[in-house]
Amino acid sequence: MQISMPIRTPSLVSRRRLLEEKLIDLHKWNNLKQVKQVHAQILKANLLQDLSVAPKLIAAFSLCHEIVLAVNLFSQIQQPNVHLYNTLIRAHVRNSQPSQAFATFFEMQSNGVYPDNFTYPFLLKACSGHSLYPMVQMIHTHIEKFGFCSDIFVPNSLIDSYSKCGSFGVNAARKLFMVMGERDVVSWNSMISGLLKAGELGEARHLFDEMPERDTVSWNTILDGYVKAGEMNKAFELFEKMPDRNVVSWSTVVSGYCKAGDMDMARMLFDKMPIKNIVPWTIIISGYAEKGMTKEAISLYDKMEEAGLRPDDGAVISILAACAESGLLGLGEKVHASIKRTKFKCRTSVSNALVDMYAKCARLDKAYSVFDGMARRDAVSWNAMLQGLAMHGHGEKALQLFSRMNEEGFAPDKVSFISILCACSHAGFVEEGLQYFYTMERDYGIIPEVEHYGCVIDLLGRGGHLKEAFRLVQSMPMESNAIIWGTLLGACRMHNAVDLAGEVVDHLVKLEPSDVGNFSMLSNIYAAAGDWDSVSNVRLRMRRIGIQKPSGSSSIEVDEEVHEFTVLDKSHPKSDKIYEMIDRLVQDLKQVGYVPKAYQ
DNA sequence: ATAGGGTTAG
């Protein structure tokens with residue numbers, strides 16, 4: 001039985017009180033639908049011009065990644081004050097648009113509004129994310145002129161920003177830190193964190209020992225220093241010595257063991273953690289995924305959702321990246337399903353991670369469908385899709401996408417050209433590839449880097465133009481590297497260019513002295529030419545050098561288990577059967593016209 | 001101020 005209830009309209013007074021309650025923490029909201037509702041209510045109550053309300057609304061839109069709405073709103077305010085300008089600057093910083101943040105800063109000054117103690121730290125944040133050292137210097141000069149250093153928050157921000165601007169910056173930060181009359185724990189922590197970013201672990205440790213008092217952040221910072229340096233023994237020692245450990249401390253060591261490949265230790269600590277948020281779950285799941293341990297990764301992902309935790313953008317991006325790296329389509333699809341369940345619209349970077357994951361797992365259809373459904377695309381979106389098509393040999397489609405990119409007004413960047421050149425070389429479009437290479441600098445103003453030369457060398461080499469490829473290696477304006485010589489060696493193998501191969505390997509061993517792959521490739525080339533003396537010579541050289549570094553490997557996922565294999569790998573128990581199968585496949589390929597080169 | 005975060009030639 002249904003009881004019908006009379007709908008009561010709340011009185012004007014209570015409606016007003018309801019709105020006031022919402023306004024208390026509006027600036028922390030990140031649900032676009034709710035923010036839009038409050039926006040409408042604010043308009044109705046005629047509160048938009050209220051300078052204690054408008055900044056909160058702008059901050060909320062910015063938290064929802066709606067920078068256009070935030071800017072729009074700002075332009076409607078008749079008499080903006082410092083607080084409002086600060087909010088807009090912060091919104092641009094959050095949207096990683098430092099130039100817009102600075103434009104707002106200058107506009108504010110020309111409108112006669114003076115910056116305060118909050119303005120500078122926000123501007124400094126804009127610089128540190130983009131390593132804008134000269135900008136930090138400029139702000140520093142400003143601050144000294146206006147004497148804002150009285151608030152310790154300001155010099156602390158300066159130290160933080162300086163130390164995120166590379167080695168120059170760390171020097172400036174050091175200098176400032178030395179002359180600071182008063183230092184709090186944040187000043188010390190920022191300085192230590194800056195030194196660690198510059199790779200100065202020793203100096204950072206020294207400062208840590210000198211600190212008059214240390215809080216958990218100080219311990220976590222130096223702990224992470226050891227983790228990043230790969231010194232897990234020292235890190236763990238420190239972890240055990242810490243007076244207080246929080247989620248960050250635990251996450252730091254778990255992440256260290258994941259990176260060191262010790263998943264047992266990582267898992268043990270993860271299970272021991274008293275409190276977990278989404279970050280440690282992300283770390284351990286990505287750790288398993290990177291190692292190709294599908295079963296563990298999937299079961300933990302399920303457990304995480306059972307525990308009522310929803311992956312945030314950071315978790316999704318991180319796990320999808322790990323899936324892309326190891327080709328874990330299964331887990332990638334699971335993550336995609338979770339996203340679809342909770343939201344309709346993804347942030348661009350989340351969709352980018354999806355496109356990349358599907359493309360690297362060879363599901364170009366799905367990559368395309370995510371790509372096509374995106375509301376906004378950035379350079380990374382186009383590049384991930386281009387790269388996916390190029391990688392899997394869809395040269396024609398990659399070139400089509402490249403034209404579409406141009407038609408839609410997206411300027412290709414240097415990464416796009418790597419994908420395009422790679423697409424041409426995999427599809428055998430030698431002439432077209434060279435044309436794109438020429439256009440790149442002439443029409444797009446992008447100066448080719450060593451990666452681009454690498455693609456063109458591959459293009460020429462695969463096409464059988466070995467002499468031209470070799471000449472390009474010698475005439476290109478930069479130093480050659482191991483990848484370039486490796487590309488050339490691959491081309492030599494493909495076309496049985498025995499003499500050139502020997503020369504190339506000589507260059508290669510100087511750069512990668514202990515890589516097995518180079519030698520086994522050379523040995524294959526000699527074998528294909530029937531030059532057995534040279535083959536045993538190479539084997540001798542291999543033994544003399546003593547091979548330590550493992551060569552590159554491939555992997556395949558079968559029944560949720562990933563199998564990894566390398567050149568001349570005999571470690572698998574059924575290795576004989578596997579090679580038998582490869583021989584059979586080569587026989588079959590020969591029947592349909594494929595001519596195998598060096599492989600025997 | 002500290003933990004997880006996308007595209008880059010063999």
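Numbered from 1 within each chain, the chains take letters A, B, ... in sequence-line order.
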So what does [X] hit on the nucleic acid, given a heavy-atom distance under 4.0 Å: a base, only sugar-phosphate, or nothing?
X	answer
Thr221(A)	sugar-phosphate
Gly490(A)	nothing
Asn481(A)	base
Ile283(A)	sugar-phosphate
Val450(A)	base
Asp215(A)	base
Ser318(A)	sugar-phosphate

Which nucleotide in the list [options] gets nearest to the side chain of [X]?
X	options	value
Ile483(A)	dG6(B), dG4(B), dA9(B)	dA9(B)
Asp224(A)	dG5(B), dA3(B), dT8(B)	dA3(B)
Arg347(A)	dG5(B), dA1(B), dA9(B)	dG5(B)
Ser190(A)	dG5(B), dA1(B), dG4(B)	dA1(B)
Ala315(A)	dG4(B), dG10(B), dT7(B)	dG4(B)
Asn277(A)	dT2(B), dA3(B), dG4(B)	dA3(B)
Thr487(A)	dG10(B), dG6(B), dA1(B)	dG10(B)
Asp356(A)	dA9(B), dT7(B), dA1(B)	dT7(B)
Glu451(A)	dA9(B), dA3(B), dT2(B)	dA9(B)

- Taking only residues two or more places apart in sequence, or in another chain, which ones meet Ser163(A) in a side chain to side chain donor-acceptor pair (under 3.5 Å)?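 With sequence neighbours excluded, Ser163(A) shows a side chain to side chain donor-acceptor pair (under 3.5 Å) to no residue whatsoever.
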Separation of [X] atom [atom1] from [N] atom [atom2], in whole Å?
X	N	atom1	atom2	result
Ile446(A)	dT7(B)	CD1	P	19 Å
Ile420(A)	dT8(B)	CD1	P	14 Å
Asn352(A)	dT7(B)	CG	P	10 Å
Leu320(A)	dT7(B)	CG	P	11 Å
Glu213(A)	dA1(B)	CD	C1'	14 Å
Trp188(A)	dA1(B)	CH2	P	18 Å
Asn220(A)	dT2(B)	CG	C1'	5 Å
Met440(A)	dT8(B)	CE	C1'	12 Å

- Message: Tell me whether the rings of His140(A) and Tyr162(A) are parallel (<30°), tilted (30 to 60°) or perpendicular (>60°).
- Response: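 Rings of His140(A) and Tyr162(A): perpendicular, over 60°.
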- Message: Using 30° and 60° as the class boundaries, would you call the ring planes of Phe371(A) and Tyr368(A) parallel, tilted or perpendicular?
- Response: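 Ring orientation of Phe371(A) relative to Tyr368(A): perpendicular.
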Report yes if at least one side-chain N or O of [X] is closer than 4.0 Å to OP1 or OP2 of [N]; otherwise report no.
X	N	result
Lys125(A)	dA1(B)	yes
Lys228(A)	dG4(B)	yes
Lys197(A)	dT2(B)	yes

- Query: For Lys414(A), does the NZ atom sit with more than 12 other heavy atoms under 6.0 Å from it, leaving out its own atoms?
  - Reply: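 12 or below, so no.
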With hydrogens left out and only the distance checked, is there a donor-acceptor pair under 3.5 Å joining [X]'s side chain and the base of [N]?
X	N	answer
Asn246(A)	dA3(B)	no
Asp378(A)	dG6(B)	yes
Asp312(A)	dG4(B)	yes

- Heavy atoms, side chains only, cut-off 4.5 Å: are Met242(A) and Asn220(A) in contact?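 Result yes, sub-4.5 Å side-chain heavy-atom pair found.
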- Would you confirm whether Ser416(A), through its side chain, and Asp413(A), through its main-chain N or O, come within 3.5 Å as a donor-acceptor pair?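 Yes: the side chain of Ser416(A) pairs with the backbone of Asp413(A).
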- Task: Verify salt bridge (charged side-chain N to carboxylate O under 4.0 Å, His left out) between Glu296(A) and Arg267(A), making sure each step is shown before the conclusion.
- Result: CA-CA 10 Å; Glu296(A) 290 85 350; Arg267(A) 180 58 184 271; over 6 Å; no
